[in-house]
Amino acid sequence: MSERVRTCVIAGGGPAGMIAGLVLARGGVDVVVLEKHRDFLRDFRGDTIHPSTLQLLEELDLMDRFNHIAHHKVVSARLPAPDGSQVTVMDFSRLNHPHPYLAMAPQWEFLNLLAEAGQEEPHFELRMNTEVTGLLWSKHDDDTEPDGHQVSGVKVSGPHGESQIKALLTLAADGRDSAIRDEARLPTISFPVPLDVWWFQVETEGPGTATGSMVFPRLNAEYPVLPIPRGDYIQAAMLIPKGADATLRARGDQALRREVTAALPECTAAAARLTLGDVKVLDVKMNRLERWWRPGLLCIGDAAHAMSPVAGVGVNLAVQDAVATARLLTKPLRAGAVGDRHLAAVQRRRMPPTRLTQAFQRRVHAGLERVFATGVPLSVPRSLERILRQFPALSGVLPRLIGVGVRPEHAPSWARRPPPD
C-alpha cells in the first residue's frame, strides 16, 4: 500500500532526525519523521547538550521548555598531571557565549520536547513504532549514477502493517548502524578504536559525592572511570579495552563492585548494590561516509559519521548537520527541485567539522591505547600541563572546539518563533 507522495521522509527520531524535521516543517516543508521504537527511552543515549545546541533551542524559542527538564550543568573538566595533581583542561566559563556550560539532560526528555514542538507545526508528522525496512528506487533521469537509479522513498513496517512512502527526499538519520546507508552502498572510511564503554548509574550518597559542576576521571580502578554528575545520581562511563566486555563480565558482580568502589569510594554502599545487569556496553565505532548522498537520499548525523564518545560531541554534530540540512534544502524542497548539487552542498559544509573533530578524537584514542597497553595511568602530557598552568585562559580552547564546534549552525530566520508579547 502506497501513501501520498511526501516532500521529505526522515528515517530516525534521534537528535538529527527530530531537529531536521522541526526546522524543515517550520520552513513549510511537508515532512514525516519515522521512529522505529514506541518511545525515546534507550539503554544508551548521549545526554550531553552542548552550548551551541542550547543556543539553537533559544533561537527556536524552546529554551524555556528545556529549562523545565531536570538537568545538571557542567562547567569544567580536569585531568591528572604526571605528579598526581589535577589540571583544568576545559573551562566552559571562559566561553564568550550565552550558555557557557554543558547541560546533562536525559535525551528522551530532550527528544520529547522536540516532538511536542514539531506537533505544533502543520507540516510536521511523527510516527512512532514505525520502522524503515528498505528503500524505494526509481530510474534516475540523467543516469549520472552508476546503476542509473535514485531513491524515491522508503518501505515501512508499522502498527497498520507494511506500506510505502514515496518522497522527493529521504533523510537517513537512523544512527551509526544505519541500514539505509548500507542499502544505498555508500562508501565508508572506518577508523580503528581502542576502547568500548561500560555505562551505568551509581546513586549519590551525600555531600562528599562528586555532584558538582566539574568532571574528572577516576584512576584508582583498573580502568579509567568518568563520573558525570547528574544530581541525585552519577552517570558513570568506564573505559575498557576494545572487545573486552565478555571477558570482564566473566569476572562476576563482585569484581565490578570492587572496581567501582575503588574508582568512587564515596559511593561504596551504592557500588555494593551494582550488578552486571546494570551495565550496558557501548560498542564504540568511528567512521564516516566518503559520500553522504545519492540522488534522492542524504545521510546526516551518525548515519554519515559515527563518532567516538570522547567529549560527547556526537549529538552536537548531529544537531548541526540537521540545521545545515534544513537551511540549505528548504527552498529547493519547497520548489520540488532538490537536486544532487543541493545534497552535495550539505556534505561540503559539514564534512570539514566532521574531519577535524574525528582527528581530535583519534589523538585522544592514541593516548588511551597507550594506557591500555602499558598500564601507565592516564595523565596530561607534561608539556601541555606547563602550558595550561602558565596560561590558564587556554583551558577555554577545547570548550570552543567541543562545545560550540568548528562550524556552528544557527536557526534560519524563518524557523525562529518570537516569544509572545
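Position 1 is the first residue of the sequence; numbering continues from there. Bear in mind the structure is a predicted one, so any value in this text is a computation, not a measurement.
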Would V23 and T325 count as a side-chain contact (heavy atoms from CB on, under 4.5 Å) here? Give the steps.
CA-CA 9 Å; V23 180; T325 297; over 6 Å; no
Does [X] reach the side chain of [Y], with side-chain heavy atoms less than 4.5 Å apart?
{"X": "H410", "Y": "L56", "answer": "no"}
{"X": "S52", "Y": "N316", "answer": "yes"}
{"X": "V284", "Y": "V197", "answer": "yes"}
{"X": "T133", "Y": "V156", "answer": "no"}
{"X": "M128", "Y": "F40", "answer": "yes"}
{"X": "L113", "Y": "H68", "answer": "no"}
{"X": "F124", "Y": "L24", "answer": "no"}
{"X": "R127", "Y": "V33", "answer": "no"}

Looking at [X] and [Y], what are the two nearest heavy atoms and their distance?
{"X": "R181", "Y": "L289", "value": "CD-CD2, 3.1 Å"}
{"X": "P224", "Y": "L219", "value": "CB-CD2, 3.9 Å"}
{"X": "L171", "Y": "A20", "value": "CD1-CB, 4.1 Å"}
{"X": "Q361", "Y": "S308", "value": "NE2-O, 2.9 Å"}
{"X": "A304", "Y": "C299", "value": "CB-O, 3.5 Å"}
{"X": "W414", "Y": "R327", "value": "CZ2-CA, 4.2 Å"}

For the pair [X] (side chain) and [Y] (backbone), establish whether a donor and an acceptor sit closer than 3.5 Å, ignoring hydrogens and angles.
{"X": "E162", "Y": "K155", "answer": "no"}
{"X": "R294", "Y": "A184", "answer": "yes"}
{"X": "E59", "Y": "A411", "answer": "yes"}
{"X": "E35", "Y": "G13", "answer": "yes"}
{"X": "E203", "Y": "A270", "answer": "no"}
{"X": "E183", "Y": "L135", "answer": "yes"}
{"X": "T357", "Y": "P353", "answer": "yes"}
{"X": "S85", "Y": "A81", "answer": "no"}
{"X": "D321", "Y": "G301", "answer": "yes"}

Let's go through V74 and M104 carefully: what are the C-alpha distance in whole Å and the side-chain angles of both, what is the deciding distance for side-chain contact (heavy atoms from CB on, under 4.5 Å) to 0.1 Å, and is it a yes or a no?
CA-CA 7 Å; V74 173; M104 307 302 299; 3.8 Å; yes
Kindly state each residue pair satisfying side chain to side chain donor-acceptor pair (under 3.5 Å) with at least one member in residues 237-246, sequence neighbours excluded.
D196-K242, W198-D245, K242-D283, D245-R249
Quick one: pull up [atom1] in [X] and [atom2] in [Y] and give me the separation to the nearest 0.5 Å.
{"X": "L60", "Y": "Q55", "atom1": "CG", "atom2": "CD", "result": "11.0 Å"}
{"X": "L368", "Y": "I240", "atom1": "CG", "atom2": "CD1", "result": "12.5 Å"}
{"X": "T88", "Y": "L398", "atom1": "OG1", "atom2": "CG", "result": "12.0 Å"}
{"X": "H37", "Y": "W108", "atom1": "NE2", "atom2": "CH2", "result": "14.0 Å"}
{"X": "L298", "Y": "L329", "atom1": "CG", "atom2": "CG", "result": "6.5 Å"}
{"X": "R288", "Y": "Q347", "atom1": "CZ", "atom2": "CD", "result": "10.0 Å"}

Test: ring pair (Phe, Tyr, Trp, His ring centres under 6.0 Å). Region: residues 329-348. Which pairs qualify, not counting sequence neighbours?
none
Using a strict 4.0 Å threshold on nitrogen-to-oxygen distance, state whether [X] and [Y] make a salt bridge.
{"X": "D278", "Y": "R273", "result": "no"}
{"X": "R4", "Y": "D30", "result": "yes"}
{"X": "R407", "Y": "E409", "result": "no"}
{"X": "R65", "Y": "E120", "result": "yes"}
{"X": "E266", "Y": "R218", "result": "yes"}

Would you please name every residue forming a ring pair (Phe, Tyr, Trp, His ring centres under 6.0 Å) with [X], sequence neighbours left out?
{"X": "H50", "value": "none"}
{"X": "F66", "value": "H71"}
{"X": "H123", "value": "none"}

Does a donor on one side chain and an acceptor on the other come within less than 3.5 Å for [X] and [Y]?
{"X": "S76", "Y": "D91", "value": "no"}
{"X": "S395", "Y": "R94", "value": "yes"}
{"X": "R350", "Y": "Q320", "value": "yes"}
{"X": "S178", "Y": "D302", "value": "no"}
{"X": "E131", "Y": "S157", "value": "no"}
{"X": "R38", "Y": "T130", "value": "no"}

Run the side-chain hydrogen bond (donor to acceptor under 3.5 Å, both in side chains) test on E58 and H99 for me, step by step, so that the C-alpha distance in whole Å, both residues' side-chain angles and the decisive distance to 0.1 Å come before the verdict.
CA-CA 10 Å; E58 191 170 281; H99 303 282; 3.0 Å; yes
Evaluate whether atom CZ of R334 has more than 12 neighbouring non-hydrogen atoms of other residues, nucleotides or ligands under 6.0 angstrom away.
no
What residue pairs, at least two apart or across chains, pass salt bridge (charged side-chain N to carboxylate O under 4.0 Å, His left out) with a residue in residues 9-22?
none
So Q358 and H305, side-chain hydrogen bond (donor to acceptor under 3.5 Å, both in side chains) or not? Walk me through it.
CA-CA 9 Å; Q358 287 185 331; H305 45 72; 5.6 Å; no
Give the intermediate values and the outcome of side-chain contact (heavy atoms from CB on, under 4.5 Å) for residues S138 and L136.
CA-CA 7 Å; S138 61; L136 299 177; over 6 Å; no
Would you check, one step at a time, whether the test side-chain contact (heavy atoms from CB on, under 4.5 Å) holds for F110 with I49?
CA-CA 9 Å; F110 174 61; I49 311 296; 4.1 Å; yes
